[in-house]
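In what follows, every chain begins at residue 1, and chains take the letters A, B, ... in the order their sequences are listed.
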Amino acid sequence: MKIASWNVNSLNVRLPHLLQWLQDAGPDVVALQETKLEDSRFPDAALAELGYRSVFCGQKTYNGVALVSRIPFASECVTAIPDFDDPQKRVLAATVGEVRIVDLYVVNGEKVGSEKFSYKLRWLEAVREWLREELRQHPNLIVLGDFNIAPDDRDVHDPKRWREKILCSTPEREALRGLLDLGLHDSFRLFNDEPGHHSWWDYRLNAFERGWGLRIDLVLVSQALRARTVAAGIDTTPRTRERPSDHTPVWVEIAGG
DNA sequence: ATGGTTGTCGTACAA
């Protein structure tokens, strides 16, 4: 079972990229972020033509998440963090086969110390309490998405330049650590401990061509799934195409079910 | 050089 995450930065613009990538990479499930689409405009018919079902939770202009799967969904989806009042559409959870999947579009945070930064930390704390409960009910749990946090300096092209900056600051990394401490593992680091692997590059200054990236898109696997995780990676191909998203897909391969 | 680009909307704002 191949499960991927991709911040498409407008599914309206990126639908051709997604359809192409589904055919090229053949994932069983893709978690999308920044669809920027109201639910009435979600392109579920185009995806169904390739054999994928969709569940989605979107809004106009900003945010928006979706799960696209060629395996049937086994449950109703959850579209909000329990007991956390938030008009922004950033979370979506559903069960596919025997695997519980939680798609997250983590708050960007703008700038360390800003109003949006404190929202980011409060949001992550609420997600932590939610995931604690999800793990209790679903030992086979995958939490994936755009985390807007580079876990450590190996995930940053130039750690000095990014030191204590947004996406790399200590409070953000501690918040991510709080999620991992529930019993989740960064799947990419089960197979690769080298620096220089990134999933996002700023549109400006030819950052992609210069390798100025960060690894902020993650696939976390629970303890039970860790033993069944046989591969993980980042597919930079979509970032090389015409008019790309600033993020590229990340994926994990789970053995069995 | 505190620089630049993209998406949405039709102007600033978010990333």
Which is true for A:F208 with a 4.0 Å heavy-atom rule: it touches a base, it touches only sugar-phosphate, or it touches nothing?
nothing
Using 4.0 Å as the upper bound for N to carboxylate O, is an ion pair formed by A:R70 and A:D28?
yes
May I ask you to say whether A:E174 pairs ionically with A:R177, meaning some side-chain N is under 4.0 Å from a carboxylate O?
no
Round to a whole Å and report the spacing from [atom1] of [X] to [atom2] of [N].
X	N	atom1	atom2	result
A:Q33	B:dA14	CD	P	20 Å
A:N108	B:dT5	CG	P	19 Å
A:Q88	B:dA15	CD	C1'	12 Å
A:Y62	B:dA14	OH	P	6 Å
A:D217	B:dA15	CG	P	14 Å
A:E34	B:dT5	CD	P	19 Å
A:K36	B:dT8	NZ	P	6 Å
A:I216	B:dA15	CD1	P	12 Å

Chi angles and distances behind the side-chain contact (heavy atoms from CB on, under 4.5 Å) call for A:R189, A:R215
CA-CA 11 Å; A:R189 290 303 180 202; A:R215 191 175 69 90; 3.4 Å; yes
Residue whose nearest DNA chain B nucleotide is more 5′ - A:P244 or A:K116
A:P244
Residue pair A:D146/A:N9 against DNA chain B: nearer the 5' end by closest nucleotide is A:N9
When you check the phosphate oxygens OP1 and OP2 of [N], does a side-chain N or O of [X] lie under 4.0 Å from one of them?
X	N	result
A:R14	B:dG7	yes
A:T61	B:dC13	no
A:R204	B:dA15	no
A:K60	B:dT8	no

For the side chain of [X], counting heavy atoms from C-beta on, which of [options] is nearest?
X	options	value
A:L205	B:dG4, B:dA15, B:dC13	B:dG4
A:R90	B:dA15, B:dG4, B:dC13	B:dA15
A:Y203	B:dT5, B:dA15, B:dT8	B:dT5

Say you pick atom P in B:dA12 and the same atom in B:dT2; how far apart are they, in whole Å?
23 Å
If we take the P atom in both B:dA14 and B:dG10, what is their distance in whole Å?
15 Å
Counting only heavy atoms from other residues, nucleotides and ligands, does the tally under 6.0 Å from CG of A:D83 exceed 12?
no
Please report the interatomic distance CZ(A:F56) to OG1(A:T79), rounded to the nearest 0.5 Å.
12.0 Å
